[in-house]
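Taking it in order: structure first as structure tokens, then the write-up.
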Amino acid sequence: MSAFDLISDFGFPVTITRYAAGSYVNGLYVDGSTTTLSAIMSIQPTNGLEDLLLPEGLRTKNLSKAYSSVELFVSNQITGRKADLVTDVSGITYEVQKVNRMESFNSDIAPHWKAILAQLNPQ
């Protein structure tokens with residue numbers, strides 16, 4: 001069974017909001033345009049070890065991990081790109097904090113992406 005099959009079987013529909021690179025206009029930063037994508041993603045709670053791999057400032061946020069067959073992007077100060085936002089079926093929006101490409105040359109379970117998501121404005 002491939003990673004795509006597992007994500008499809010255990011995932012749910014999400015909407016990904018992706019930002020194009022921003023730019024400076026008259027000395028002020030202007031966000032790039034946005035694009036929305038639909039995808040299937042499996043979002044799960046993180047465990048303590050995964051939390052420890054993040055910088056200290058992120059450890060106090062409401063974090064989740066996500067498995068996706070769609071590549072996700074974190075913010076990049078050099079290019080001016082903002083992080084992707086993921087909105088699940090219940091309306092919760094997450095910001096992508098970290099992404100790892102999972103790949104195995106000996107198995108058909110990969111490639112796919114594992115992302116750490118931080119919930120925006122948790123209640």
Side-chain angles (χ1 to χ4, degrees):
M1 182 173 269
S2 72
F4 300 114
D5 294 334
L6 289 170
I7 292 167
S8 296
D9 289 347
F10 296 105
F12 293 95
V14 298
T15 301
I16 301 167
T17 303
R18 181 158 293 161
Y19 292 88
S23 62
Y24 286 91
V25 177
N26 296 327
L28 299 173
Y29 181 79
V30 177
D31 287 335
S33 60
T34 61
T35 306
T36 57
L37 317 162
S38 295
I40 302 295
M41 191 177 292
S42 176
I43 299 175
Q44 304 166 14
T46 57
N47 62 40
L49 293 176
E50 291 165 324
D51 293 345
L52 288 175
L53 296 175
L54 294 169
E56 282 187 28
L58 289 177
R59 293 182 197 171
T60 59
K61 294 190 177 193
N62 190 2
L63 300 173
S64 297
K65 60 186 168 188
Y67 296 92
S68 172
S69 57
V70 175
E71 184 175 10
L72 299 169
F73 296 99
V74 297
S75 63
N76 186 323
Q77 290 180 342
I78 295 170
T79 63
R81 171 184 256 172
K82 292 174 71 173
D84 286 348
L85 300 178
V86 175
T87 305
D88 68 12
V89 292
S90 63
I92 297 173
T93 301
Y94 303 89
E95 182 179 61
V96 177
Q97 301 294 312
K98 183 177 181 174
V99 178
N100 289 329
R101 179 180 166 87
M102 310 300 282
E103 189 167 10
S104 171
F105 299 106
N106 299 329
S107 166
D108 64 350
I109 199 164
H112 62 283
W113 286 265
K114 177 184 177 184
I116 301 295
L117 309 175
Q119 184 176 342
L120 296 180
N121 301 321
Q123 300 184 14

### Task
Check the pair Val14, Tyr94 against side chain to side chain contact (heavy atoms under 4.5 Å, CB included), reporting the backbone distance first and the verdict last.
CA-CA 11 Å; Val14 298; Tyr94 303 89; over 6 Å; no
#### Entry: Apart from Phe73 itself, residues in the same hydrophobic cluster as defined by side-chain heavy atoms under 4.5 Å
none
### Query
More than 12 non-hydrogen atoms from neighbouring residues, nucleotides or ligands closer than 6.0 Å to OH on Tyr24, yes or no?
no
### Summary
Between the CD atom in Gln119 and the CD1 atom in Ile43, the distance rounded to the nearest 0.5 Å is 10.0 Å
### Query
Can you name the residues that form a side chain to side chain donor-acceptor pair (under 3.5 Å) with Ser64, not counting sequence neighbours?
none
### Pairs flagged by side chain to side chain donor-acceptor pair (under 3.5 Å) wherever residues 14-23 is involved - sequence neighbours left out
Arg18-Asp84
### Query
Under 3.5 Å, is there a donor-acceptor pair between the side chain of Asn76 and the main chain of Ile78?
yes
### Message
To the closest 0.5 Å, what do you measure between OG (Ser68) and NZ (Lys114)?
### Response
13.5 Å
### side chain to side chain contact (heavy atoms under 4.5 Å, CB included) assessment of Val99 paired with Trp113
CA-CA 7 Å; Val99 178; Trp113 286 265; 3.6 Å; yes
### Any pair counted as side chain to side chain donor-acceptor pair (under 3.5 Å), so long as it reaches residues 30-43, sequence neighbours left out
Asp31-Lys82, Ser42-Gln44
### Nearest-0.5 Å distance, OG1 of residue Thr46 to CG of residue Leu117
10.0 Å
### Point-to-point distance, once rounded to the nearest 0.5 Å, from CE of Met41 to CD1 of Ile16
4.0 Å
### Query
Measuring from Leu72:CG to Leu85:CG, what's the distance to the nearest 0.5 Å?
11.0 Å
### Task
Please answer: with hydrophobic residues joined when any side-chain heavy atoms are less than 4.5 Å apart, are Phe12 and Val70 in the same cluster?
no
### Residues which pass side chain to side chain donor-acceptor pair (under 3.5 Å) with Thr93, listed by chain and number, not counting sequence neighbours
Thr87
### Message
Under the salt bridge (Lys or Arg N to Asp or Glu O under 4.0 Å) definition, can you give me all pairs with a residue in residues 86-102, not counting sequence neighbours?
### Response
Arg101-Glu103
